Visitor: 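This structure is in structure tokens; I'll ask about it shortly.
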Amino acid sequence: MPLRLYNTLTQAAEPFEPLVAGQVRMYVCGVTVYDLCHIGHARMALAFEVVRRYLAYSGYRVTLVRNFTDLDDKIIKRAAEQGRSWSAVAEEFTAAFRQDLEALGLAPADVEPKATEHIPEMVALIRRLVERGLAYAVDGDVYYAVRRFPSYGKLSHRSPDELLAGARIEVDERKRDPLDFALWKASKPGEPAWDSPWGRGRPGWHIECSAMAGKYLGESFDIHAGGEDLIFPHHENEIAQSEGATGRPFARYWLHNGFVTVNGEKMSKSLGNFVTIRQALQRSSAEAVKLLLLSTNYRSPLDYTEAAVAEKARALAGVQEFMRRVEILAAETGSPATAAADESGGAGQAGSRRPASTARAGDRDGCGVVSGGLTASIPRAREPAPVGEDAFRDAMDDDFNTARASGVLFDLVREGNRLLQEARQPGGAARCLPRLQETASALRRLGQVLALDLRSGLTLVEKLNGVSMTRPVEAVQAELARLVGDRPADPAAFQSRLSAVLAELLAQREAARRDRNWAAADAIRQSLAAHTIRLDDSRTATHAVSEFAAERGLPPVAVTLLKS
RNA sequence: GGCGCGGUACCCAAGGGGCUAAGGGAGAGGUCUGCAAAACCUUUAUUCGGCGGUUCGAGUCCGCCCCGCGCCUCCA
């Protein structure tokens with residue numbers, strides 16, 4: 001089944017056909033950098049990152065451009081309030097957005113152009129619109145003559161007359177039509193200003209995306225995306241500008257994500273329900289936040305609550321537990337740790353790959369178009385599809401149905417857990433391990449397509465066959481408390497010391513259990529549980545698995561004691 | 001007023017004319033276990049906001065109604 005995606009332009013799901021075979025060019029409207037970004041921005045970034053990743057998985061070479069609006073009334077206003085320069089404000093929140101994306105484990109776009117670095121391109125585009133009779137200058141301002149562009153309204157599916165009917169537009173005598181919008185604005189004193197044929201001024205909001213999309217992706221490209229609030233006027237105006245200037249179709253598919261509400265209400269500062277990405281990540285893991293954002297169709301509204309994220313965290317814990325068990329089983333049976341080695345890395349590493357900038361804009365192909373760099377690190381679809389993967393593709397081919405796709409992942413986990421039970425039978429481990437590792441590998445791979453890091457979180461599985469006990473259990477417990485008391489300066493040293501301590505405790509407990517001294521054994525279990533280290537007895541071994549909360553900054557540790 | 005979206009179990013949510021209505025969370029019972037945890041099995045919607053209609057057949061299409069929401073103004 002071919003990929004179908006819902007196109008706002010046609011209001012229908014359409015088969016996806018790129019303009020150039022094998023290559024996808026997409027532009028996402030990014031953020032205006034006047035404040036910290038909230039989970040609505042995170043949803044936007046994630047939704048289209050998943051689009052990018054699924055297209056790459058499907059074999060396309062994808063180029064993603066996502067701009068920063070670093071020139072805007074809100075930035076100027078914020079700067080004035082804080083007594084800072086507007087550029088300082090823009091730089092601060094540009095950096096903050098990049099940090100937030102990295103914390104979420106989302107990769108930078110291939111090109112992340114800034115409005116302020118493309119003023120000449122915007123001026124050239126406005127000049128072209130004036131020459132073609134689609135724009136007119138008045139007192140140092142330039143306006144787009146909406147009525148001169150016949151298909152104005154085709155994206156938002158409203159005619160200019162309809163738009164006018166219910167509109168609350170302030171009357172500006174200098175505009176020929178109330179719907180005309182500014183391409184260039186004469187700057188007031190103290191505002192940023194650039195020279196132009198119409199005097200010193202600054203660009204209107206919409207022109208930057210037309211200019212930058214055209215520069216990096218060409219006059220016509222495949223996908224243009226953004227939040228649903230951008231449909232009108234921003235994207236409508238982009239179409240008028242770009243198609244008016246070039247006479248050629250602008251973007252082919254228009255994708256728009258739905259809003260995030262908080263406790264059922266749209267986020268707003270006045271309501272005090274504005275949740276920044278930082279706040280969300282303080283309370284929950286990035287993977288749980290992302291799983292919640294992916295649990296409904298990207299076009300539908302999504303309610304963000306602490307309880308909902310917590311539910312996703314519990315769901316995710318089951319997946320991670322399965323991954324751990326496969327790794328532990330591999331360690332028990334002495335199999336090579338293929339599970340950890342079969343991929344270069346999870347989604348979580350993508351974010352730290354490298355910063356994007358317009359200066360280092362990647363390769364250019366023959367037609368002056370920047371081509372994608374991330375694409376190479378995303379796993380490709382395999383033919384024929386491994387078990388379970390065809391269902392994943394069916395879901396994703398259906399307008400990126402991430403809710404159904406994540407259901408496929410949970411189905412894989414359940415099947416894997418059944419196999420794990422079978423593996424407990426005598427001789428079962430060796431028989432089941434290859435299939436288990438395949439399942440774990442599929443989960444990691446498909447998780448990456450959804451920008452989810454489904455690795456087990458285990459960095460160390462220690463395997464013991466016997467440990468000498470040289471000190472009393474109280475001394476070992478005291479060292480354990482010391483170790484986990486603080487955020488460690490050296491995580492690797494912490495892990496090796498902690499695993500040694502755990503090994504001692506496991507050995508002491510195993511000795512107690514052999515003596516049927518259940519009280520002593522349970523006391524050790526409880527002392528570990530107090531530090532969120534869980535013990536897990538199986539027929540052949542005992543496992544200690546750390547479950548440190550993310551905010552404590554302790555690296556995960558797992559120790560396996562084999563019964564001899 | 002105009003344009004558009006949604007109402008599916010206790011909660012979230014997929015499914016958009018015909019195989020037993022995905023999946024997650026929560027609850028209940030069971031298996032396994034010295035204890036425990038996890039996991040697995042069973043179970044929780046003869047029914048998809050209400051009423052009509054089309055059809056051999058309707059959560060699924062049409063009409064009306066009720067409820068909730070978004071956009072039309074800066075907003076992801």
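Predicted, not measured: the structure shown is a model, and the values here were computed from it.
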Visitor: Check whether any side-chain nitrogen or oxygen of N257(A) sits under 4.0 Å from OP1 or OP2 of A76(B), and answer yes or no.
Guide: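 Indeed not, no polar side-chain atom of N257(A) lies that close.
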Visitor: Looking for any heavy atom pair under 4.0 Å, which part of the strands does G40(A) touch: base, sugar-phosphate only, or nothing?
Guide: base
Visitor: Name all stems that contain residues of RNA chain B, defined as runs of 3 or more consecutive Watson-Crick or G-U wobble pairs, both distances under 3.5 Å.
Guide: B:1-7 with B:66-72, B:10-12 with B:23-25, B:26-31 with B:39-44, B:49-53 with B:61-65
Visitor: Consider the side chain of R418(A), meaning its heavy atoms from C-beta on, and name the nucleotide among C40(B), C74(B), A76(B) that approaches it most closely.
Guide: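 Out of C40(B), C74(B), A76(B), the nucleotide with an atom closest to R418(A)'s side chain is C40(B).
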Visitor: Please work out if Q421(A) contacts a base, only the sugar-phosphate, or nothing of the nucleic acid, heavy-atom cut-off 4.0 Å.
Guide: base
Visitor: Quick one: is the NZ or CZ of K77(A) closer than 6.0 Å to the six-membered ring centre of Y34(A), and within 45° of its axis?
Guide: no
Visitor: May I ask you to decide if V65(A)'s main-chain N or O and D110(A)'s side chain share a donor-acceptor pair within less than 3.5 Å?
Guide: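 Side chain of D110(A) to backbone of V65(A), a donor-acceptor pair under 3.5 Å: no, none is there.
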Visitor: Within less than 4.0 Å of OP1 or OP2 of G4(B), is there a side-chain N or O belonging to R158(A)?
Guide: no
Visitor: If I take atom CZ in residue F232(A) and atom C1' in nucleotide C74(B), what distance separates them, rounded to the nearest angstrom?
Guide: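 About 13 Å, once rounded to whole Å.
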Visitor: Grab the CG-C1' distance between D229(A) and C3(B) for me, whole Å please.
Guide: 15 Å
Visitor: Rounding to the closest angstrom, what is the interatomic distance between U8(B) and A14(B) at atom P?
Guide: 10 Å
Visitor: Is the glycosidic torsion of G57(B) within 90° of 0, making it syn, or is it anti?
Guide: anti
Visitor: With sugar-phosphate meaning primed atoms plus P, OP1 and OP2, does V28(A) contact a base, only sugar-phosphate, or nothing at under 4.0 Å between heavy atoms?
Guide: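 Nothing: the residue V28(A), judged by heavy atoms under 4.0 Å, touches no strand.
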Visitor: Just how far, in rounded Å, is P of C75(B) from CG of N237(A)?
Guide: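 Taking CG of N237(A) and P of C75(B), I get 10 Å after rounding.
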Visitor: Given atom CZ of R314(A) and atom P of A39(B), what is their separation to the nearest angstrom?
Guide: 12 Å
Visitor: How would you label the contact of H256(A) with the nucleic acid (heavy atoms, under 4.0 Å): base, sugar-phosphate, or nothing?
Guide: nothing
Visitor: I'd like a list of close polar pairs between nucleotides 12-18 of chain B and the protein, N/O only, cut-off under 3.5 Å.
Guide:
| residue | atom | partner | partner atom | Å |
| --- | --- | --- | --- | --- |
| A14(B) | OP1 | T296(A) | OG1 | 3.1 |
| A14(B) | OP1 | N297(A) | N | 3.3 |
| A14(B) | O3' | N401(A) | ND2 | 3.1 |
| G15(B) | OP1 | N401(A) | ND2 | 2.7 |

Visitor: Only one of L502(A), T542(A), I328(A) passes side chain to side chain contact (heavy atoms under 4.5 Å, CB included) with T560(A); say which it is.
Guide: I328(A)
Visitor: Okay, side chain of K175(A), backbone of D180(A): is any donor-acceptor separation there less than 3.5 Å?
Guide: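 Side chain of K175(A) to backbone of D180(A), a donor-acceptor pair under 3.5 Å: yes, one is there.
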Visitor: Roughly, in whole Å, what's the span from CD in E422(A) to P in C41(B)?
Guide: 13 Å
Visitor: May I ask you to say what F410(A) touches in the nucleic acid, namely base, sugar-phosphate or nothing, with a heavy-atom cut-off under 4.0 Å?
Guide: sugar-phosphate
Visitor: Considering only the P atoms, how many Å lie between C5(B) and C62(B), rounded to the nearest integer?
Guide: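 Result for the P pair: 11 Å, nearest Å.
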Visitor: Please state how far atom CG in N417(A) lies from atom P in A39(B), giving the value in whole angstrom units.
Guide: 7 Å
Visitor: Between the side chains of D411(A) and R414(A), is the shortest nitrogen-to-carboxylate-oxygen separation below 4.0 Å, so that they form an ion pair?
Guide: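 Salt bridge: yes.
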Visitor: Closest approach of V260(A) and G40(A), non-hydrogen atoms and distance?
Guide: CG2-CA, 3.8 Å
Visitor: Report, one pair per line, the protein and nucleotides 33-36 of chain B atoms (nitrogen or oxygen only) whose separation is under 3.5 Å.
Guide:
| residue | atom | partner | partner atom | Å |
| --- | --- | --- | --- | --- |
| G34(B) | N7 | R513(A) | NH2 | 3.3 |
| G34(B) | O6 | R509(A) | NH2 | 3.3 |
| G34(B) | O6 | R513(A) | NE | 3.3 |
| G34(B) | N1 | D522(A) | OD1 | 2.9 |
| G34(B) | N2 | D522(A) | OD1 | 3.3 |
| G34(B) | N2 | D522(A) | OD2 | 2.6 |
| C35(B) | O2 | D522(A) | OD1 | 3.4 |
| C35(B) | N3 | R525(A) | NH2 | 2.6 |
| C35(B) | N4 | R525(A) | NH2 | 3.2 |
| C35(B) | N4 | D537(A) | OD2 | 2.6 |
| A36(B) | N6 | D537(A) | O | 3.4 |
| A36(B) | N1 | D537(A) | N | 3.2 |
| A36(B) | N3 | R525(A) | NH1 | 3.0 |
| A36(B) | N3 | R525(A) | NH2 | 3.1 |

Visitor: For a quick check, tell me whether the side chain of K266(A) and the base of C71(B) share a donor-acceptor pair closer than 3.5 Å.
Guide: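 It does not, because no donor-acceptor pair links the side chain of K266(A) to the base of C71(B) below 3.5 Å.
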Visitor: OP1 or OP2 of G6(B) less than 4.0 angstrom from a side-chain nitrogen or oxygen of R299(A), does that happen here?
Guide: no
Visitor: Donor-acceptor pair, distance only, cut-off 3.5 Å: does the side chain of E287(A) make one with the backbone of L316(A)?
Guide: no
Visitor: Between atom CG in L104(A) and atom P in A76(B), what is the gap in whole Å?
Guide: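 My rounded result for the distance is 16 Å.
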Visitor: Is the shortest distance from a Lys or Arg side-chain nitrogen in K266(A) or D229(A) to a carboxylate oxygen in the other one below 4.0 Å?
Guide: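 Looking at D229(A) together with K266(A), the answer is no, because their closest N to O distance does not fall below 4.0 Å.
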Visitor: With nearest nucleotide decided by heavy atoms, which residue, S156(A) or L420(A), maps closer to the 5′ end of RNA chain B?
Guide: S156(A)
Visitor: If you find the nucleotide of RNA chain B closest to G258(A) and the one closest to V408(A), which residue's nucleotide is nearer the 5' end?
Guide: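 Of the two residues, V408(A) wins.
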Visitor: Is there a side-chain contact between R324(A) and the phosphate of A38(B), meaning an N or O under 4.0 Å from OP1 or OP2?
Guide: no
Visitor: Over how many whole Å does the gap from E306(A) atom CD to G25(B) atom C1' extend?
Guide: 16 Å
Visitor: Is the cationic atom of R66(A) (NZ for Lys, CZ for Arg) positioned less than 6.0 Å from the six-membered ring centroid of F48(A) and within 45 degrees of its normal?
Guide: no
Visitor: With heavy atoms under 4.0 Å as the rule, sort G264(A) into base, sugar-phosphate or nothing.
Guide: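 G264(A): no heavy atom of the nucleic acid under 4.0 Å.
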Visitor: Does R283(A) CZ have over 12 foreign heavy atoms under 6.0 Å away?
Guide: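 Not buried by this count: 12 neighbours or fewer within 6.0 Å.
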Visitor: Distance between the C1' atoms of G57(B) and U73(B), in whole angstroms?
Guide: 49 Å
Visitor: Describe, in one word, how the ring planes of H235(A) and H256(A) are oriented to each other, choosing from parallel (under 30°), tilted (30 to 60°) and perpendicular (over 60°).
Guide: tilted
